[in-house]
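All residue numbers in this chain count up from 1 along the given sequence. Computed from heavy atoms alone, side chains included, the values below leave out hydrogens, waters and symmetry copies.
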Amino acid sequence: MTSEISEAVDDDNAVRQALRAALRAVWSERPDLIGHGVCERAVVGALAMALASVVTEWDQGWRVDVEYNRWHPDGLDEVRQKFLPDFQTSERERLVLPDLIVHHPGHAGPEHNLLVLEAKKGDISPRARELDYLKLTGFLSVFQYRQAVFLEFDGRGGNPRLQWFAGDGPAPDPTQPAQEIVE
């Protein structure tokens with residue numbers, strides 16, 4: 001890895017810019033996904049492909065995965081028990097898989113876990129937002145991701161919104177939409 005590439009990965013702003021650029025690409029190149037209510041997984045899959053083209057330029061070891069389930073079960077249980085104890089009322093709510101991650105597979109720690117993303121489409125309830133915020137907080141803590149972000153979009157062609165998380169800060173207010181509008 002060259003020093004220029006290493007600096008890009010070490011610069012949290014570069015990671016954020018890469019995600020924003022990938023979102024802009026998907027929103028402009030895939031109106032069939034964005035404006036017609038296509039399911040969240042399809043949109044996240046397109047986002048993963050756009051983001052992968054950037055992060056693999058930094059280092060061929062980086063990989064973007066969607067709904068990744070090859071994690072350590074103990075870590076997933078820790079996220080579920082510590083961060084989601086009040087949300088274990090249904091099988092769907094117990095599922096603790098991130099919608100998208102950027103990582104070096106098979107390695108642990110912040111130098112290998114770059115970004116974790118949760119996404120929601122449509123009219124998002126505060127409870128749904130809170131659940132994803134708690135998951136992201138758990139992924140930051142347990143798996144030591146460098147950055148976590150919540151993506152929300154309306155599924156009708158409106159601009160995507162992002163809410164970034166700091167590892168040591170409080171979670172944002174789930175009654176409010178994500179703060180950053182990506183245009």
Next on the checklist: I need the minimum non-hydrogen distance between Ala128 and Ile124, along with the two atoms involved.
Outcome noted: CB-CG2, 4.2 Å
Checklist entry - His112 vs His107 aromatic rings, parallel, tilted or perpendicular, using cut-offs 30° and 60°? => result parallel
Checklist entry - Is any side-chain heavy atom of Val55 less than 4.5 Å from a side-chain heavy atom of Val15? => result no
Item to check | Working for side chain to side chain donor-acceptor pair (under 3.5 Å), residues Arg161 and Gln179 | outcome: CA-CA 7 Å; Arg161 300 175 74 100; Gln179 291 182 345; over 6 Å; no
Next on the checklist: Go through it in stages, so that I can follow the logic: the residues are Leu51 and Leu100, the test is side-chain contact (heavy atoms from CB on, under 4.5 Å), and I'd like the CA-CA distance, side-chain angles, deciding distance and then a yes or no.
Outcome noted: CA-CA 10 Å; Leu51 187 57; Leu100 181 147; 4.1 Å; yes
Next on the checklist: For Phe150 and Tyr133, I'd like to know if the aromatic rings sit close, meaning centre-to-centre distance below 6.0 Å.
Outcome noted: yes
Next on the checklist: If you compare all heavy atoms of Ala178 against all heavy atoms of Glu152, which two are closest, and at what distance to 0.1 Å?
Outcome noted: N-OE1, 3.2 Å
Item to check | Considering all heavy atoms, the nearest Ala50-Val26 contact | outcome: CB-CG2, 4.0 Å
Checklist outcome for this item: Between Ala22 and Leu47 the two heavy atoms that sit nearest each other are CB-CD1, 3.6 Å
Checklist entry - Lys135 versus Pro98: any side-chain heavy-atom pair under 4.5 Å? => result no
Checklist entry - Heavy atoms, side chains only, cut-off 4.5 Å: are Glu40 and Asp99 in contact? => result yes
Checklist entry - Given the rule in the side-chain contact (heavy atoms from CB on, under 4.5 Å) test, do Val149 and Leu136 qualify, once you have shown the distances and angles that lead to the verdict? => result CA-CA 7 Å; Val149 65; Leu136 288 169; 6.0 Å; no
Next on the checklist: With a 4.5 Å cut-off on side-chain heavy atoms, are His103 and Arg63 touching?
Outcome noted: yes
Checklist entry - Would you say the ring centroid of His104 lies under 6.0 angstrom from that of Trp62? => result yes
Checklist entry - Can you name the closest pair of heavy atoms from Leu151 and Pro160 and give their distance? => result CD1-CB, 3.7 Å
Item to check | Heavy-atom closest contact (Tyr145 atom, Val102 atom, distance) | outcome: CE2-O, 3.9 Å
Item to check | Flag for Trp164-Gln147: side-chain donor and acceptor within less than 3.5 Å | outcome: no
